[in-house]
Every structure is written in C-alpha cells, then in structure tokens.
Amino acid sequence: MNAPSELVEAVRTARHIVVMTGAGISAESGVPTFRDAQTGLWAQYDPEELATPGAFRRNPSLVWDWYSWRRELVSQAEPNPGHFALAELAARVPRLTLITQNVDGLHQRAGSQDVIELHGNILRVKCSADGRIIASWPATNETPPPCPECGAPLRPDVVWFGEALPMLALNRAAKAAEQGDLFLSIGTSALVHPAASLAYVALQRKAVVAEINLDPTPLTAVATIAWHGRAGELLPQLLRDAFPGDAFPE
Ligand code: OAD
C-alpha cells in the first residue's frame with residue numbers, strides 16, 4: 001500500500017519535520033507498549049505500584065527489579081525498519097527534530113542524532129535524592145544499590161507519573177512543535193500529556209499533522225492525515241514513495 005499522496009508531498013516539501021514517537025515504534029522490536037490490550041505493560045502491571053514516586057518510596061526493590069527487567073529487555077532488542085527509516089529521513093530533509101516518549105534508546109542505536117527524550121532513558125541511573133546521573137556503583141547485594149556519593153537509593157532516570165518532564169527537553173520539543181511545518185505522530189496513543197499536546201501546538205501553527213499508528217487515537221479526528229498500520233512497514237514505504245530511486249536498507 002502506497003503512502004497517502006498528501007503525506008508524500010508534505011515530506012518532500014517540508015522545511016522542518018518534527019517527529020514524535022511513542023512505544024508503538026518499538027513494538028516491532030519486541031519492546032512492549034503500555035496501553036495495547038493484552039500485550040501492553042499497563043494491562044499486566046499497575047503503574048501506581050511501579051511507576052510513581054510513591055511506589056518507589058513504598059517498595060523500592062520491587063520498582064528497581066521491574067525496571068531492571070525492562071532494561072534487560074531493551075538491551076536485547078534491536079532497532080527495527082521504522083527506527084532506521086526515521087534516521088534515513090533526517091538525512092534527506094532540510095531539518096528534522098526527533099522527539100520521543102520512549103526510554104529505550106533504539107532511535108539512537110538506529111543512527112538518529114540529537115534525539116529529544118521527553119521521558120528519560122531506562123539505561124541511565126540517577127540518585128533518588130539529588131537526581132545526579134550515576135555511571136557506575138560498587139557491587140552490592142542491596143536493591144536498589146545506594147548512591148556512591150550520598151547513600152540514597154539509586155533509581156532509573158525515567159519520568160514517573162506525577163513527575164515533571166525534564167525542562168530542557170520539554171522546552172526544545174515545544175519550540176520545535178511551534179516551528180515545524182510537518183508534524184508526524186508515530187506509534188503513540190496520544191493520551192499522555194504534555195507530550196500529546198505538542199501535536200495540537202503544531203495544528204494551531206497550521207503545520208500539516210500526520211498520524212502514523214496502528215490504531216486510531218484521539219488525534220485521528222483532528223489530524224490532517226491519518227495512516228494506520230505498523231510503523232516498521234509504513235515508514236520505509238513513506239521513504240520509498242517520497243524519494244523514489246534512492247536505495248534504502250531493508
Ligand atoms: P501506548 O502504549 O499508550 O500507545 C502505543 C500506541 O502504539 C497505540 O496507539 C498502538 O495502537 C500503537 N502501536 C502498537 N504497535 C504499533 C506498531 N507496530 N506500529 C505503529 N503503532 C503501533 O504508548 P505511548 O503513547 O508511548 O510514560 O505511551 C505514552 C507514555 O505512557 C509512555 O511514554 C509511558 C506511558 O506511561 C512514561 O513512562 C512516563
């Protein structure tokens with residue numbers, strides 16, 4: 001199935017493409033999404049027990065172990081054709097800003113540069129007391145391990161429910177959403193704010209907003225273009241249609 005012609009045209013003529021990705025782009029890499037029925041993490045686990053500051057205070061070892069399991073899963077995953085297509089796209093357009101809600105680092109591993117991570121990165125660890133990033137810590141049986149500087153428990157450098165997003169990342173993302181002329185919302189349920197509000201900022205600024213997602217979302221009805229399917233198939237197709245004659249790695 002070819003990409004919608006309006007989208008192909010928008011990609012060819014855009015001066016600044018802003019891309020917002022969510023868990024759906026990593027689904028084909030075997031990283032579970034959050035809200036898909038049956039397979040989504042929040043269908044199996046209670047975010048209140050695992051992904052809030054209160055959960056960490058109540059049961060730090062449970063939270064640490066759950067994130068260690070996810071970190072392991074992410075470390076074993078490989079970027080898929082959707083991630084690679086976005087890295088290829090950046091090389092072919094005047095300007096592209098890639099914003100992600102994902103914490104898996106797969107965009108960077110696919111070659112995307114300067115990725116704006118709105119929700120942190122699961123591969124990084126920080127001190128729960130002062131937020132400083134900790135590269136390594138002495139071997140210990142404690143779970144979570146203590147901060148080598150102050151002894152406070154270490155935690156993953158991800159944003160939990162009820163926490164603020166990293167200010168620099170959010171500011172950069174908001175500015176891009178205001179400036180871009182094409183906004184692509186890819187593999188996200190478009191439910192979690194403030195990330196989800198950036199598409200509306202782009203709409204207000206009269207950018208073309210295109211949704212590329214498996215299922216319809218609240219954004220579908222207002223988006224300029226909605227194209228439903230798997231990101232790992234649709235994004236390489238979009239590149240082939242927008243840049244015919246170029247060779248793309250499969
Ligand atoms: P969700 O799990 O809410 O949504 C994933 C979306 O991806 C759904 O709309 C699916 O239809 C779609 N999808 C699934 N497989 C796909 C595929 N192969 N190709 C394209 N689309 C596919 O994930 P997010 O929107 O990323 O926050 O969730 C937002 C935030 O909620 C996450 O960053 C996380 C979570 O709580 C934090 O951890 C702070």
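Note that the structure is a prediction, hence the values are computed from the model and not measured. We count ligands from 1, going down the list as the structure has it; atoms in each ligand are counted the same way.
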Which ligand 1 atoms does Ala23 reach within 4.0 Å, using its non-hydrogen atoms?
-> 23 (O), 24 (P), 26 (O)
Any idea which atoms of ligand 1 are less than 4.0 Å away from a heavy-atom of Gly22?
-> 26 (O)
If hydrogens are left out, which of Val158, Leu214, Val159, Asp215 has an atom nearest to atom 38 (O) of ligand 1, that is, the closest non-hydrogen atom?
-> Val159
Atoms of ligand 1 close to Glu28 [distance to a heavy atom under 4.0 angstrom, numbered from 1] = 17 (C), 18 (N), 19 (N)
Closest protein heavy atom (residue, atom, distance) for atom 32 (C) of ligand 1 | Phe34 CE1, 3.5 Å
Nearest heavy atom to atom 19 (N) of ligand 1, choosing from Ala27, Pro216, Ala231, Gly120, belongs to Ala231
Quick one: does ligand 1 sit under 4.0 Å from the side chain of Arg35, the backbone, both or neither, non-hydrogen atoms only?
-> both
In terms of residue, atom name and distance, what is the protein heavy atom nearest to atom 17 (C) of ligand 1?
-> Gly24 O, 3.3 Å
Is any side-chain N of the basic residue among Arg172 and Asp114 closer than 4.0 Å to the acidic one's carboxylate O?
-> yes
For atom CZ of Arg57, decide whether the heavy atoms of other residues, nucleotides or ligands shown that lie under 6.0 angstrom number more than 12.
-> no
N/O separation below 3.5 Å, Gly232 to ligand 1 = no
Residue Glu163 excluded, over 12 heavy atoms near CD under 6.0 Å | yes
With heavy atoms only and a cut-off of under 4.0 Å, state how Trp160 meets ligand 1: side chain, backbone, both or neither.
-> neither
Closest protein heavy atom (residue, atom, distance) for atom 29 (C) of ligand 1 = Gln101 OE1, 3.2 Å
Within the side chain of Asp241, is there an N or O that forms a donor-acceptor pair under 3.5 Å with the backbone of Val8?
-> no
Contacting atoms of ligand 1, where contact means under 4.0 angstrom from a heavy atom of Trp42 = 35 (C), 36 (O)
Residue Arg12 excluded, over 12 heavy atoms near CZ under 6.0 Å = yes
Identify the protein heavy atom lying closest to atom 3 (O) of ligand 1, giving its residue, its atom name and the separation to 0.1 Å.
-> Ser189 OG, 2.6 Å
When rounded to the nearest 0.5 angstrom, what distance separates CG in Asn102 from CZ in Phe34?
-> 7.5 Å
Interatomic spacing from NE2 in His83 to OG in Ser26 - rounded to 0.5 Å = 3.0 Å
For atom 14 (C) of ligand 1, which protein heavy atom lies nearest, and how many Å away is it?
-> Asp36 OD2, 3.5 Å
Taking only heavy atoms of Thr33 into account, list the atoms of ligand 1 that are under 4.0 Å away from them.
-> 2 (O)
Atoms in ligand 1 flagged as close to Gly229, the criterion being non-hydrogen separation under 4.0 Å | 19 (N), 20 (C)
Considering non-hydrogen atoms only, spot the tightest contact between Thr33 and Asp36 and give its length.
-> OG1-OD2, 2.5 Å
Say whether Gln101 and Thr188, considering side chains only, have a donor N or O and an acceptor N or O under 3.5 Å apart.
-> yes
CD/Glu48 to CH2/Trp42 distance, rounded to the nearest 0.5 angstrom?
-> 10.0 Å
Donor-acceptor contact present, side-chain Arg109 to main-chain Ala77, <3.5 Å | yes
Numbering the atoms of ligand 1 from 1, which are under 4.0 Å from a heavy atom of Gly187?
-> 5 (C), 6 (C), 7 (O), 21 (N)
Can you find an N/O atom of Thr217 closer than 3.5 Å to an N/O atom of ligand 1?
-> no
Which heavy atom of the protein is the closest neighbour of atom 25 (O) of ligand 1, given with residue, atom name and distance?
-> Thr188 OG1, 2.7 Å
of all protein heavy atoms, closest to atom 37 (C) of ligand 1 is His119 ND1, 3.8 Å
Please verify whether a non-hydrogen atom of Val192 lies at under 4.0 Å from ligand 1.
-> yes
Nearest protein heavy atom with distance in Å, relative to atom 9 (O) of ligand 1 = Asn213 ND2, 2.9 Å
Would you check, one step at a time, whether the test side chain to side chain contact (heavy atoms under 4.5 Å, CB included) holds for Asp215 with His228?
-> CA-CA 6 Å; Asp215 303 302; His228 292 137; over 6 Å; no
Between the CG atom in Asp181 and the OG1 atom in Thr13, the distance rounded to the nearest 0.5 Å is 7.0 Å
